[in-house]
Asks: 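Here's a structure for you.
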Amino acid sequence: MCCSGFLKIMMFVFNGGIFLAGAVILGVGVWVKVDSGSLLGILDSLEDAPSGLSQLVNVSYLLMAVGGVLLVIGFLGCCGAVKESRCMLLTFFSIVLIIFLIEVAGAVVLLVFQDLADQLFQSLEKEVKTSIGKEYGRSDSFTSLWNATMEEFKCCGFKNYTDFDGSPFYNDHGRDVYPHTCCNTTITVGACNTNEASHSMIDGCFDKLLQLLEDNALIIAVVVLAIAAFEIAAMVVSMVLYKQIGNKA
């Protein structure tokens with residue numbers, strides 16, 4: 001009886017960890033979708049974008065799906081322990097085993113994720129600069145999207161302020177004015193001209209996006225390792241509890 005109570009407590013602990021990890025992944029997915037939507041929207045709108053780009057654009061949906069599944073698994077494991085339901089415990093074990101195998105495969109993908117992202121965005125440089133040169137200052141929707149992205153991520157252009165050279169905005173402002181986000185407001189007086197932009201050295205949005213993806217990949221990798229540990233422990237405990245309930249019956 002004492003052993004059974006201890007196993008139930010451990011099931012609560014392990015599944016509580018899975019539940020919290022699922023909440024974290026779900027939260028990261030929602031944050032990536034909401035907070036980086038404008039920047040990913042720019043890349044997604046490119047006509048000649050590589051096919052692999054869709055994998056990065058849809059990462060937020062994958063994270064939300066995985067997070068939701070882990071929330072359900074954590075809840076199912078707790079209910080199975082409380083009700084001492086062999087059916088629920090066996091279902092829990094089977095689902096967790098499948099998820100664990102998927103996570104092992106996903107961990108391999110994460111190892112090459114940063115290199116993949118870097119290669120994809122490097123290949124987009126020419127297309128993005130061309131679109132800025134043609135549309136920034138001419139198309140209101142395109143200009144607003146870039147302005148919102150640069151405001152949000154505190155960046156300038158794809159690589160730097162020179163990406164705006166020759167754009168309609170640049171030509172319409174005497175060929176010596178850049179978007180205000182390309183200059184450091186604490187040292188810039190008046191318009192953001194070539195001299196001010198070169199001294200400000202604001203990072204390009206390419207670097208900011210890579211940093212965003214790398215930071216989130218690191219967070220996800222740590223969470224996945226923690227989830228894997230909880231899942232292995234939870235599977236062992238669920239099977240022991242499953243056997244004990246069978247013996248009592």
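All heavy atoms count here, side chains included; hydrogens, waters and symmetry mates do not. Counting begins at 1 with the first residue of the sequence.
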Asks: Report yes if the side chains of T181 and I202 come closer than 4.5 Å at any heavy-atom pair, otherwise no.
Replies: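 No - every pair of side-chain heavy atoms lies 4.5 Å or more apart.
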Asks: Sub-3.5 Å donor-acceptor pair from the side chain of T143 to the main-chain atoms of D140, do we have one?
Replies: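 Checked: no pair found.
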Asks: Is S200 reaching over with its side chain to a backbone N or O of N184, donor-acceptor style, under 3.5 angstrom?
Replies: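 Answer holds: yes.
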Asks: With sequence neighbours left out, write down each residue that passes side-chain hydrogen bond (donor to acceptor under 3.5 Å, both in side chains) with T185, or none if nothing qualifies.
Replies: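 With sequence neighbours excluded, T185 shows a side-chain hydrogen bond (donor to acceptor under 3.5 Å, both in side chains) to no residue whatsoever.
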Asks: Please list all pairs passing the ring-ring contact (aromatic ring centres under 6.0 Å, His included) test where one or both residues lie in residues 69-93, with sequence neighbours left out.
Replies: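 Qualifying pairs, neighbours excluded: none.
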Asks: Do the side-chain sulfurs (SG) of C183 and C192 come closer than 2.5 Å?
Replies: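 Yes.
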Asks: Look at the side chain of S131 and the backbone N and O of V128, then say whether any donor-acceptor pair between them is shorter than 3.5 Å.
Replies: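 Indeed, once roles are kept as given, a pair shorter than 3.5 Å links the two residues.
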Asks: Side-chain contact test, heavy atoms from C-beta onward, threshold under 4.5 Å: evaluate it for L90 versus M239 and give yes or no.
Replies: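 Yes - at least one pair of side-chain heavy atoms lies under 4.5 Å apart.
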Asks: With no hydrogens and no angle check, just 3.5 Å: does a side-chain donor-acceptor pair link E196 and H180?
Replies: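 The criterion, which ignores hydrogens and geometry beyond distance, is not satisfied for H180 and E196.
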Asks: Test your reading of the model: is there a side-chain donor-acceptor pair from N15 to the backbone of A234, 3.5 Å cut-off?
Replies: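 Judged by distance alone, no pair lies under 3.5 Å.
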Asks: If we ignore hydrogens and angles and just use 3.5 Å, is the side chain of N171 paired with the main-chain N or O of G166 as donor and acceptor?
Replies: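 Judged by distance alone, yes, a pair lies under 3.5 Å.
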Asks: In this structure, which one of W146, F164, F206, F153 forms a ring pair (Phe, Tyr, Trp, His ring centres under 6.0 Å) with F158?
Replies: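 Of the listed residues W146, F164, F206, F153, the ring pair (Phe, Tyr, Trp, His ring centres under 6.0 Å) partner of F158 is F206.
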Asks: Is there a side-chain contact between Y170 and T162 in this structure, where contact means two heavy atoms from C-beta onward sitting under 4.5 Å apart?
Replies: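 The answer is no, as the side chains (C-beta and beyond) never meet within the 4.5 Å cut-off.
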Asks: Residues two or more places apart in sequence or in another chain: which of them pass salt bridge (Lys or Arg N to Asp or Glu O under 4.0 Å) with K159?
Replies: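 Scan of K159 (salt bridge (Lys or Arg N to Asp or Glu O under 4.0 Å), adjacent residues dropped) gives E125.
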Asks: With rounding to the nearest 0.5 Å, note down the distance linking CD1 in I73 to CD1 in I18.
Replies: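 With rounding to 0.5 Å, CD1 (I73) is 7.0 Å from CD1 (I18).
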Asks: Apply side chain to side chain contact (heavy atoms under 4.5 Å, CB included) to M11 and L89, showing your working.
Replies: CA-CA 10 Å; M11 279 291 286; L89 288 172; 3.9 Å; yes
